[in-house]
S.K.: 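Sharing a structure here in structure tokens format.
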Amino acid sequence: QKRMNRGQISFFSESLRSELERKRLLSEELLTALINNCFSLVYQPIIDSKTHDIYAIEALIRWQLKGENIPPDEFIPIAEQYGLISKIGFWVLETACQQALTFQKLTPDLSVSINVSVMQLKEIEFASKVKSILADLNFPAHKLHLEVTESVFANDKHTFLYVVKSLQELGVRISIDDFGTGYSSLSSMLDVGVDIVKVDKSFVQDEDERGLSIVNAVVQMASSLNFNVIAEGVETPLQCKKLTQLGVTHLQGYYFSRPLTSSALIEYLNNKKAS
Ligand code: C2E
Ligand code: CA
Ligand code: CA
Ligand code: CA
């Protein structure tokens, strides 16, 4: 009995140690990757549900380390923990806006949507840095959407509201990502006056229709509060049909396109133009 317990404890601490070890190693590699420009971006189309035209693209970061694809769900939290998220975030912003200028030559109305960590919004200088990046690139602010999760409302609301207000004054659009999965406060959303709500894929893909009633509630809210609704994770024609019938304005998911490299997106936009 005693032996088994000791065995279990040492097994547990062993795996915990290797997890911490992996995190520490990845944090060092992240710093190297930043210096050596080892990240890349892929872009997933967001589609107008009525016309099926492309409305925007979401930039998603990719990182290959020694041939292995490390998913952002793994390394973004590490970047946050080790104080690297701000630098990575500005790299994403600058690169995505720069590449979007090229895409806009093919599709002038295209907006680019970028994921922003809650930690970035706690930086009081964030909005003024965004402003100077947009000015340097001559990028139109209203074609930049910043996706933040509901967790921004959970703490440090004051800095967040200040930063978001400053961004909106620039003309940047604010999008609430993964809506419905986290802490959501309607009154905080009213304070901010969000421009776009992205309904999480767990509702979109819900088989027993409960998810769709949540989508429906969001659509009702959207018409009085005046924001766009994007359904994420649309994979089937049936989902596409139901969501459109409910009044969802925009759709995103594998059904329309997987995230594309910049050259594949250029091809996609050219094909759309031709058709
Ligand atoms: P997210 O912002 O919710 O992004 C949506 C994720 O769902 C992406 O995974 C996308 O590839 C995937 N997806 C898109 N369509 C479908 C679909 O039809 N079905 C399914 N099952 N999945 C779909 P990805 O690229 O692995 O990104 C994961 C998360 O990592 C993102 O979730 C976001 O929170 C974070 N992330 C990605 N890029 C960045 C970035 O540049 N900065 C920050 N701070 N976070 C990022
Ligand atoms: Ca997102
Ligand atoms: Ca999302
Ligand atoms: Ca997410």
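Both backbone and side-chain heavy atoms feed into the values below; hydrogens, waters and symmetry mates do not. Atoms within a ligand are numbered from 1 in the order they appear, just like the ligands themselves. Bear in mind that the values here come from a model prediction, so they are computed numbers and not experimental data.
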S.K.: Report whether any nitrogen, oxygen or sulfur of Glu147 sits less than 3.0 Å from the Ca ion (ligand 2) (N, O or S, backbone or side chain).
M.R.: yes
S.K.: Check Glu58 and report its N/O/S atom nearest to the Ca ion (ligand 2), by atom name.
M.R.: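 Answer by atom name: OE2.
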S.K.: Do Arg24 and Glu28 meet the salt-bridge criterion of a basic N to acidic O distance under 4.0 Å?
M.R.: yes
S.K.: Would Asp177 count as a contact for the Ca ion (ligand 2), in the sense that one of its N, O or S atoms lies under 3.0 Å from it?
M.R.: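 Yes, Asp177 qualifies, because one of its backbone or side-chain N, O or S atoms lies under 3.0 Å.
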S.K.: Among the heavy atoms of Glu58, does any lie under 4.0 Å from an atom of ligand 1?
M.R.: yes
S.K.: Only N/O/S atoms count here: what is the atom of Asp178 closest to the Ca ion (ligand 3) called?
M.R.: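 In Asp178, the N, O or S atom with the shortest distance to the Ca ion (ligand 3) is OD1.
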S.K.: Quick check: does Tyr254 get an N/O under 3.5 Å from an N/O on ligand 1?
M.R.: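 Yes, since at least one N or O of Tyr254 sits under 3.5 Å from an N or O of ligand 1.
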S.K.: Using side chain to side chain donor-acceptor pair (under 3.5 Å) as the criterion, list what pairs up with Thr159, not counting sequence neighbours.
M.R.: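 Side chain to side chain donor-acceptor pair (under 3.5 Å) list for Thr159, sorted by chain: Asp156.
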S.K.: Output yes when a side-chain donor or acceptor of Glu68 lies under 3.5 Å from a complementary backbone atom of Leu65, and no otherwise.
M.R.: no
S.K.: For the backbone of Leu146 and the side chain of Ser175, can you confirm whether one donor and one acceptor N or O come within less than 3.5 Å of each other?
M.R.: no
S.K.: Please could you name the atoms of ligand 1 that Gly253 approaches to less than 4.0 Å, counting only its heavy atoms?
M.R.: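 Matching atoms, with element in brackets: 15 (N), 18 (O).
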S.K.: Within the distance-only criterion (no hydrogens, no angle test), does the side chain of Thr107 pair as donor or acceptor with the backbone N or O of Gln104 below 3.5 angstrom?
M.R.: no
S.K.: When you measure from the Ca ion (ligand 2) to the N, O or S atoms of Ser175, does any of those distances fall below 3.0 Å?
M.R.: no
S.K.: Salt-bridged, Lys201 to Glu232, with N to O below 4.0 Å?
M.R.: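 Here Lys201 does not pair with Glu232 in a salt bridge, since their nearest N and O are not under 4.0 Å apart.
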S.K.: Report the C-alpha separation of Arg22 and Glu74 in whole Å, then their side-chain angles, then the decisive distance to 0.1 Å, and conclude whether the salt bridge (charged side-chain N to carboxylate O under 4.0 Å, His left out) test is met.
M.R.: CA-CA 11 Å; Arg22 180 175 164 89; Glu74 180 175 14; 2.7 Å; yes
S.K.: For Lys131, enumerate each residue passing the side-chain contact (heavy atoms from CB on, under 4.5 Å) test, keeping only those at least two apart in sequence or located in another chain.
M.R.: Leu170
S.K.: Check whether more than 12 heavy atoms from other residues, nucleotides or ligands sit under 6.0 Å from atom CD of Glu267, and answer yes or no.
M.R.: no
S.K.: Using distance alone, decide if ligand 1 has a nitrogen or oxygen within less than 3.5 Å of any nitrogen or oxygen in Ile61.
M.R.: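 Yes, since at least one N or O of Ile61 sits under 3.5 Å from an N or O of ligand 1.
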S.K.: So is Pro259 close enough to ligand 1, meaning a heavy atom under 4.0 angstrom away?
M.R.: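 Per 4.0 Å heavy-atom rule, Pro259 contacts ligand 1.
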S.K.: Determine, step by step, whether Tyr268 and Phe256 satisfy the ring pair (Phe, Tyr, Trp, His ring centres under 6.0 Å) criterion, reporting the C-alpha distance in whole Å, the side-chain angles of both residues, the deciding distance to 0.1 Å, and the verdict.
M.R.: CA-CA 11 Å; Tyr268 174 99; Phe256 295 99; 9.7 Å; no
S.K.: Given Lys201, Gln205, Glu235, identify the one with the heavy atom nearest to atom 5 (C) of ligand 1.
M.R.: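 Result: the heavy atom closest to atom 5 (C) of ligand 1 is in Lys201.
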S.K.: In this structure, does ligand 1 have an atom that sits under 4.0 Å from one of the heavy atoms of Lys198?
M.R.: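 It does not, in that no heavy atom of Lys198 comes within the 4.0 Å cut-off of ligand 1.
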S.K.: Among Ser257, Pro72, Ser202, which residue places a heavy atom closest to atom 27 (O) of ligand 1?
M.R.: Pro72
S.K.: As an exercise, identify every atom of ligand 1 less than 4.0 angstrom from a heavy atom of Val92.
M.R.: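 Within the 4.0 Å cut-off of Val92, ligand 1 contributes 41 (O).
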S.K.: Within ligand 1, which atoms have a heavy atom of Asp178 less than 4.0 Å away?
M.R.: 3 (O)
S.K.: Quick check on Asn271: does its CG atom have over 12 non-hydrogen neighbours (other residues, nucleotides or ligands) under 6.0 Å away?
M.R.: yes
S.K.: Do any of the N/O/S atoms of Glu232, backbone or side chain, fall under 3.0 Å from the Ca ion (ligand 3)?
M.R.: yes
S.K.: Please work out whether any backbone atom (N, CA, C, O) or any side-chain heavy atom from C-beta onward of Arg62 is under 4.0 Å from ligand 1, and answer side chain, backbone, both or neither.
M.R.: side chain
S.K.: So for ligand 1, is Gln44 a polar contact partner (N or O within less than 3.5 Å, distance only)?
M.R.: yes
S.K.: Could you name the option among Val204, Thr95, Ile114, Asn115 that has the heavy atom nearest to atom 42 (N) of ligand 1?
M.R.: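 Result: the heavy atom closest to atom 42 (N) of ligand 1 is in Asn115.
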S.K.: So, the side chain of Thr236 versus the backbone of Gln239: is there a donor-acceptor pair under 3.5 Å, distance only?
M.R.: yes
